[in-house]
Amino acid sequence: MPVLFDWEFATDPYPAYAWLRENSPVHRTRLPSGVEAWLVTRYADARQALADQRLSKNPAHHAEPAHAKGKTGIPGERKAELMTHLLNIDPPDHTRLRRLVSKAFTPRRVAEFTPRVQELTDHLIDQFAGKGEADLIHEFAFPLPIYAICEMLGVPREDQDDFRDWAGMMIRHGGGPRGGVARSVKQMRTYLGELIHRKRDDLGNDLISDLIRASDHGDHLTEAEATAMAFILLFAGFETTVNLIGNGIHSLFTNPDQRERLQASLAAGESALLETGVEELLRYDGPVELATWRFATRPLTLGGQDIAAGDPVLVVLAAADRDPERFADPDTLDLSRSDNQHLGYGHGIHYCLGAPLARLEGQTALGTLLKRLPDLELAIPPTDLRWRGGLIMRGLRTLPVRFTVPNG
């Protein structure tokens with residue numbers, strides 16, 4: 001049995017997940033927080049669990065005492081009264097809220113936002129391109145999705161740096177001041193509530209205004225629901241994209257043949273390999289290692305294991321997406337992989353609402369970076385890279401790079 005959740009595991013969890021898939025595919029373990037949960041590691045079981053309505057997203061179904069419930073979600077969300085968002089609720093409330101929000105978060109809106117994402121990407125690269133070196137996490141992968149989602153939500157530009165500070169505290173997890181994540185969540189919640197209140201009198205062409213307008217047969221989002229929804233769109237939308245970009249660049253560094261293929265394709269003005277490539281990077285070393293919490297509402301059997309009512313269940317997307325029963329040569333990065341129904345965005349009714357925006361940001365960021373800085377390389381030994389501790393997300397703390405300063 002491999003050791004789980006130590007620093008060696010965080011650096012490369014895939015050998016441990018391979019052992020679990022083979023020997024204990026639905027595995028009960030004690031997490032670093034002290035909570036006991038089931039880990040689901042095979043693709044078929046994972047896909048079943050993600051769509052199984054007997055597994056609730058509502059922490060109220062957790063069998064442990066109430067004090068333990070705070071260990072199974074976003075720190076501070078309960079005290080900040082942010083529990084009524086899509087990651088914490090089930091049908092029929094989930095169905096109602098998702099239908100309302102989907103009206104505001106359409107593919108058309110994402111398509112209209114494409115030029116702005118390109119502008120943000122170029123602006124961020126401009127800021128470090130003349131130095132010949134950069135930390136691609138802090139100077140590129142982190143600010144890009146923060147500014148993008150702030151603009152989509154309608155956060156005024158003069159307030160966006162506050163969001164960057166709050167998000168920075170949240171992404172550090174245990175690395176910042178004690179209680180810093182919960183304080184940042186509370187500050188963000190207070191700000192969003194005030195912004196929604198102001199926008200009710202001055203609706204614009206932005207996502208928060210659309211949330212306020214959203215209605216379905218006379219059924220409107222309450223102010224508390226709109227605040228929680230704006231919060232989770234930002235929270236779920238920025239760290240996943242930070243890690244998609246950071247992990248993706250790292251994977252290209254460690255697979256130079258695939259990087260060369262992609263750069264040749266981009267140089268030829270093609271987009272097909274970039275599009276399939278981002279999907280493959282999501283499968284190979286994606287930003288979300290474990291899907292968010294689920295709780296059994298009644299006894300059930302999954303992967304041959306009997307799970308009791310109230311037990312937490314965590315679907316290990318990183319393990320499922322390297323299952324050899326589903327993917328040929330799963331530990332090989334193949335940017336042209338066509339049969340690639342990965343679970344990086346989830347499955348079922350909780351499939352990621354922001355997937356189109358994440359794809360846009362990932363394709364724009366990686367494609368632009370490789371075209372503008374073609375000789376980009378890691379500036380430190382690969383063994384010196386450190387991965388952030390945390391249960392749900394997988395991402396690098398820093399990604400120092402160097403490159404030739406472009407002419408002009």
Side-chain angles (χ1 to χ4, degrees), residues 1-42 45-46 49 62 64 68 70-75 135 137-138 141 169-182 239-240 242-244 246-251 253-254 282-294 303 305 311-324 330-331 343-344 378 380-400:
M1 174 67 203
V3 176
L4 303 178
F5 307 118
D6 64 1
W7 285 109
E8 184 177 348
F9 171 86
T11 299
D12 183 9
Y14 296 103
Y17 288 148
W19 189 94
L20 287 174
R21 277 197 312 267
E22 183 68 24
N23 297 282
S24 185
V26 179
H27 179 77
R28 188 174 177 88
T29 190
R30 182 176 293 275
L31 304 172
S33 64
V35 174
E36 290 196 1
W38 293 94
L39 302 180
V40 181
T41 56
R42 287 182 180 168
D45 296 333
H62 193 185
E64 292 195 24
K71 300 177 182 179
T72 61
I74 301 168
D135 175 358
I137 299 299
H138 293 283
M169 182 62 68
M170 292 158 68
I171 205 171
R172 278 187 236 166
H173 301 297
R178 183 176 177 82
V181 175
E239 190 172 3
T240 50
V242 174
N243 295 345
L244 167 58
N247 296 8
I249 295 167
H250 176 260
S251 295
F253 282 159
T254 55
L282 278 161
R283 182 201 69 81
Y284 180 76
D285 195 12
V288 184
E289 190 167 343
L290 284 76
T292 50
W293 294 83
R294 285 165 168 77
Q305 291 286 354
D311 279 359
V313 174
L314 290 165
V315 177
V316 187
L317 305 180
D321 278 343
R322 290 209 188 187
D323 188 342
D331 295 321
L343 300 176
L378 194 60
I380 62 174
T383 52
D384 288 350
L385 291 171
R386 294 292 178 266
W387 296 80
R388 286 194 303 274
L391 190 64
I392 302 299
M393 299 291 182
R394 172 167 170 76
L396 288 160
R397 291 181 179 271
T398 62
L399 186 56

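Here the structure is a predicted model, which means the values were calculated and not measured. The figures that follow rest on heavy atoms only: side chains count, while hydrogens, waters and symmetry mates do not.
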Undergrad: Leu317 and Ala291: which non-hydrogen atoms are nearest, and at how many Å?
TA: CG-N, 3.9 Å

Undergrad: I'd like to check Val35 versus Trp293 (side-chain heavy atoms, cut-off strictly below 4.5 Å). Are they in contact?
TA: yes

Undergrad: Taking the side chain as C-beta and beyond, is there a heavy-atom pair between Pro330 and Asp321 under 4.5 Å?
TA: no

Undergrad: Can you name the nearest heavy-atom pair linking Gly303 to Val26, along with the distance?
TA: CA-CG2, 3.8 Å

Undergrad: So is Arg322 actually on top of Tyr14's ring, under 6.0 Å and inside 45° of the axis?
TA: yes

Undergrad: Measure the spacing between OG1 of Thr41 and CG of Asp323 and express it to the nearest 0.5 Å.
TA: 8.0 Å

Undergrad: Answer yes or no: is there a donor N or O on one side and an acceptor on the other, between the side chain of Arg386 and the main chain of Thr11, under 3.5 Å?
TA: no

Undergrad: Do the side chains of His250 and Trp387 get nearer than 4.5 Å, heavy atoms only?
TA: yes

Undergrad: Can you list the residues that meet the ring-ring contact (aromatic ring centres under 6.0 Å, His included) rule with His27, with sequence neighbours excluded?
TA: none

Undergrad: If every non-hydrogen atom of Ala10 is compared with every non-hydrogen atom of Arg394, which pair is closest and at what distance?
TA: O-NH1, 2.6 Å

Undergrad: Look up atom CD1 in Ile392 and atom OG1 in Thr292, then write down how far apart they are to the nearest 0.5 Å.
TA: 6.5 Å

Undergrad: Measure the spacing between CZ of Arg397 and CD1 of Ile137 and express it to the nearest 0.5 Å.
TA: 11.5 Å

Undergrad: Side chain of Arg388, backbone of Leu396: donor and acceptor closer than 3.5 Å?
TA: yes

Undergrad: Assess whether side-chain contact (heavy atoms from CB on, under 4.5 Å) is satisfied between Leu290 and Leu39, documenting all intermediate values.
TA: CA-CA 9 Å; Leu290 284 76; Leu39 302 180; 4.0 Å; yes

Undergrad: For the atom pair CG (Leu244) and CD1 (Ile249), what is the distance rounded to the nearest 0.5 Å?
TA: 9.5 Å

Undergrad: How close do Ala49 and Val315 get, counting heavy atoms only, and between which atoms?
TA: CB-CG2, 3.7 Å

Undergrad: For Gly34, is there any backbone N or O sitting under 3.5 Å from a side-chain donor or acceptor partner on Arg30?
TA: yes

Undergrad: If we ignore hydrogens and angles and just use 3.5 Å, is the side chain of Arg42 paired with the main-chain N or O of Val40 as donor and acceptor?
TA: no

Undergrad: Heavy-atom count around Glu8 CD within 6.0 Å, excluding the residue itself: above 12?
TA: no

Undergrad: Does any part of the side chain of Pro287, heavy atoms only, come nearer than 4.5 Å to the side chain of Glu239, both counted from C-beta?
TA: no

Undergrad: Check for a donor-acceptor pair, side chain of Asn247 on one end and backbone N or O of Asp285 on the other, with a separation under 3.5 Å.
TA: yes

Undergrad: Look up atom CG in Leu399 and atom CG in Leu385, then write down how far apart they are to the nearest 0.5 Å.
TA: 6.5 Å

Undergrad: Mind checking whether Leu391 and Leu314 have side chains closer than 4.5 Å, heavy atoms only?
TA: yes

Undergrad: Give, for atom CE of Met1 and atom OG1 of Thr29, the distance between the pair rounded to the nearest 0.5 Å.
TA: 5.5 Å

Undergrad: Just so I know, are the side chains of Met393 and Val242 near enough to count as touching, which here means a heavy-atom distance under 4.5 Å?
TA: no

